[in-house]
Amino acid sequence: MTRNQLLALLPILFSSATVVWVMTAIAIRRHHWWNATFSVVGLNLALIGTVVAYFVSPQIVTPLLVVDSYSCLYMAMVLATGLATATLSHAYMEGFDGNKEEVYLLLNLSVLGGLVLVCARHFASFFIGLELLSVPLYGLIGYLVKERRSLEASMKYLVLSAAASAFLLFGMALIYSQTGALGFAEIGVKVAEITAGAGYTVMVIGGAMILVGIGFKLSLAPFHLWTPDVYEGAPAPVAAYLATASKVAVFAVLLRFFVEAKAYNHGLLLDVLSALAIISIVVGNLLALLQENLKRLLAYSSIAHFGYLLVAFIAAGQFATEAVGVYLLTYVVTTLAAFGVVTLVSSPYKGHDADTLWDYRGLFWRRPYLTAIMTVCMLSLAGIPMTAGFIGKFYAITAGVEKRQWLLLGAVVFGSAVGLYYYLRAMVQMYLRTPWVRKYNAPLDWASGTGGAMVVALMLLMIVLGIYPQPFISAIQAAGLQ
Amino acid sequence: MILVWLMVIPFVGGFLCWQGERFGRGFPRWVGLITMSIVLVLSLYLWYVGDYSQTLLNASSPQWVAEFKADWIPRLGISFHLALDGLSLVLIVLTGLIGVLAIACSWNEVQRNVGFFHLNLLWNLAGVIGVFLAMDLFLFFFFWEMMLVPMYFLIALWGHNIPGGKGRVFAATKFFIFTQASGLLMLLAILALVFAHYQATGTISFGYPELLAWTRSGAMSAQLEWWLMLGFFVAFAVKMPVVPVHSWLPDAHSQAPTAGSVDLAGILLKTAAYGILRFGVPMFPHASQEIAPYAMWLGVAGIIWGAVLSLSQHDVKRFVAYTSVSHMGFILVGIYSGTEQSLQGVVIQMLAHGISAGALFILCGEVYERLHTRDMREMGGLWSRLPFLPPIAMFFSAAALGLPGMGNFVGEFLILVGSFPVNPVITIVSASGLILAAVYSLMMMQRAFFGPAKSDEKLRDLNAREMTTMLSLMALILFMGIYPQPILDVTKAAMAGVQTIYATGLVPPAAAVAGVLP
């Protein structure tokens, strides 16, 4: 292994070292602040490692991993999300009366899985990364062991995620049976040769099964059934991680797989994806309409958002890769901020998260700046100009128009119109006066903690992305897939 | 650079209002008033110094009065490009004026969270000014959507929950969804246009002059032009509002605070007419000629339907809202007639309706402050209880019904004169709207101000602030009715430009290249 290859692996190496380090630290002495700090420092080192890796990229490290500018971008996104989750967890876990420290261990493990997934160029690393990403999540979702909903969510996620992994493995096996290859690029070469016959059918079925597996992880309808329950039951910072990092990593590898294995040449797979996109947009938005629970509402909203994202994904081509990057970035920033506010309002943990819309009623009159952040989040999710969400949606629609997908675009317009209703509903709740004082309130000094500072930074980022996106666009453009 | 200031000043002012509330409730009000006064003065200054013999439609001679251009998102050919011609100018003056009024009329009405209220009001006005100045389709859409959010808050947070209505949050949400959903269709049309242009020329640009030059070269297939025009038309029709999609307007008006109603009727509706004049017709002249008969009949439907419905309203604000639907119908008829007189009439009608409807809503607010009801059945006999307010209301009702000597008369008269040679039947049916207007206006006067008084108790009359705003509006309406020439002069070139392009739509496209897009 050359020096450059080692440098390219720095993020993954740092991340692995952090896992060991945090584990040892816990074994030596349990101390919440120190363990949180260790993991945050480790994640920051890994983030610096991505910058180093960017300068030596592209590097193919073993047949399993590739570190190019594309993986660097998504590694940075996953790491930043992990950082945000860690800071949010610190404020949140203060009120938890069990062992607090393992959260950071599990989180770092999961982030490591995300990094591997983003770099994967082979079915083996694809699967290892995915499992490493998901398995720690079982523990994280059920971390509040004394609460029924949390445990239930964990079980639900365990069963469905395992089923999805089985689908994925079976799909991989079917493709392997026809092509005899496991690397994405090699599959792409072989696939071009097989164009008809029984072998072709088996291969397309294999591709479809991979899509089913991925559909579960990305919670695309009709594989979305676990999402609202799990988001509702999971501790708020974990839900933030679930909605962002885990989905971003999976989406990044999906895009790489489609490009390198030349899956875009199969109209059938694209038709399946189009159907998934339309169903996700319609189902996600319609089911969100009547939600009284903010976490469930955000869950349905994320289903719809991945429907919009698929519109850009299906468009294919260089511009579409850029559109996917921009959309994911805006989505991650917005969703993290939204869950961040939920976490801050529920912090420190005291037996139950503030998750019904009712809990937020009149928040403006008690915590005006926190409400302003949530307002920007809701507007951004709805795709209103001056916020990041608008740029994301604009890019997705542009990619769709470029490829003339009028049906999909119709779904986007319909979904956005319906979506407005529930985003506005959630938003205006915070401004209506209540006749009595609610039990949930963010601490008065919420902005002085790291979690609060992070959420403020995210809001500023949302507005900068909405008003002057050019620098981000340039960065994402540089991180295209060939 | 002055164009940027026109937008930045209300933005910054809004921010100051929000943060300045800690110095007391009066502070945001004064900051708001001063801010909008500066905008008004700046726009009048532009009127005074500028030479408005050029139109923005004439892309080949970019000697515009004022222009500002900077790269914004070069990746997609989007620039921050502002410019102004006579049409934008008069509408910006109107915006400044209505802004001052909106702040003045909510001086006593709004007592809760004054700072945040003025933030929303000023940001909304900044968005509207942006719409009138944008020379880039992305920028236009940006402002078009941006003005919605503050309006939503104005209705949802400071509105009234009138008995029998569905509540202010419902009304605000309905308003938002109607305009946003139709706006997305416009976004699709914009993007399709940009990509068609990109495929034909190889450069990606959202710039209005570039796209306009391309559409005028006749390189677009008729089918594409038709679909794109429809995308723009739907967005503008919802905002205007045209009859089948007007139902958000009465709801929004009846729940909105006075300033919100003044803003909505006075300028927000005009952005739709401006959009058609600036984008809808000039970019797609052939398709616009095709849709013209239908659009004009929709306008007629609006004139009649709005008038008929206003007859059966008890809520005085809903009444004014329906009369707005009726008056905007005239504007639609005038635009799609496309003669020079009718287009000039449209400009006068926009300004006159902005002022007269704004004044009527302010009067509604003032009556509400005194009686705490807006139900006309509860009023009656106000003439004997108030010395000055009823005659002023009489004056503006007369303006609304198109009494000669008032601005509205000039507008409606010019529209009817201009549309007669194009389609006499439509003109004749539209003219019946004038009779209906007389009926509903006088009926409103009769029900609210005459008849037996409900009580003998005298009511507090207009104070100096209310009196000043009313008298200045009356003077403006009279001025427009008696001597509209300055306005006609300044918008002459802009309207002549629209008329010339629209007339080319009668000739089939020179070299229609088929199959640019499906």
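To find a chain, count down the sequence lines: A is the first, B the second, and so on, and within it residues start at 1.
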Closest heavy-atom pair and its distance - A/Ser416, B/Leu184: CB-CD1, 3.3 Å
Just so I know, are the side chains of A/Thr375 and B/Val149 near enough to count as touching, which here means a heavy-atom distance under 4.5 Å? no
Mind checking the CG-CD1 spacing from B/Leu187 to A/Ile397? Nearest 0.5 Å is all I need. 5.0 Å
Please tell me if the side chains of B/Thr173 and A/Tyr422 come closer than 4.5 Å, counting only heavy atoms from C-beta onward. no
Tell me if the OH atom of B/Tyr198 is crowded by more than 12 foreign heavy atoms within 6.0 Å. no
Reported CZ-to-OH distance for the pair B/Phe176 and A/Tyr423, which is rounded to 0.5 angstrom: 12.5 Å
Indicate yes or no: at least one non-hydrogen side-chain atom of A/Phe394 is less than 4.5 angstrom from one of B/Ile78. yes
Using a heavy-atom distance cut-off of less than 4.5 Å, which residues of residues 457-471 of chain A contact chain B? A/Gly466, A/Ile467, A/Tyr468, A/Pro469, A/Gln470
Could you grab the distance from atom OH of A/Tyr421 to atom NZ of B/Lys174, nearest 0.5 Å is fine? 12.5 Å
Who in residues 231-242 of chain B is close to chain A, using a strict under-4.5 Å heavy-atom cut-off? none
Would you say CZ of B/Phe68 has more than 12 non-hydrogen atoms from neighbouring residues, nucleotides or ligands within 6.0 angstrom? yes
Pick one of side chain, backbone, both or neither for B/Asp71, based on which atoms fall under 4.5 Å of a heavy atom in chain A. neither
Check the angle between the aromatic planes of A/Tyr431 and B/Phe116 and answer parallel, tilted or perpendicular using the 30° and 60° thresholds. parallel
Would you compute the distance between atom CD1 of B/Ile204 and atom OG1 of A/Thr398 and round it to the nearest 0.5 angstrom? 8.0 Å
Which atoms of B/Phe153 are under 4.5 Å from chain A, going by heavy atoms: the side chain, the backbone, both sets, or neither? side chain
In Å and rounded to the nearest 0.5 Å, what is the CG to CG distance from B/Leu157 to A/Leu432? 7.0 Å
Can you name the closest pair of heavy atoms from A/Val428 and B/Ala156 and give their distance? CG2-CB, 3.9 Å
Hey, can you tell me if A/Phe390 and B/Phe138 have their rings parallel, tilted or perpendicular (30° and 60° cut-offs)? tilted
Under the side chain to side chain contact (heavy atoms under 4.5 Å, CB included) test against B/Arg75, which residue among A/Val326, A/Ile473, A/Ile476 passes? A/Ile473
Counting C-beta onward and ignoring hydrogens, is there a side-chain heavy-atom pair between B/Gln180 and A/Ile384 closer than 4.5 Å? yes
For each of B/Gly183, B/Ser182, B/Ala172, B/Pro74, tally heavy-atom pairs with chain A at distances under 4.5 Å, and name the one with the top tally. B/Pro74
When rounded to the nearest 0.5 angstrom, what distance separates CD in B/Glu145 from CE in A/Met386? 13.0 Å
B/Leu76, part contacting chain A, at a heavy-atom distance under 4.5 Å: side chain
Region of A/Leu424 in contact with chain B, defined by heavy-atom distances below 4.5 Å: both
Region of A/Tyr395 in contact with chain B, defined by heavy-atom distances below 4.5 Å: side chain
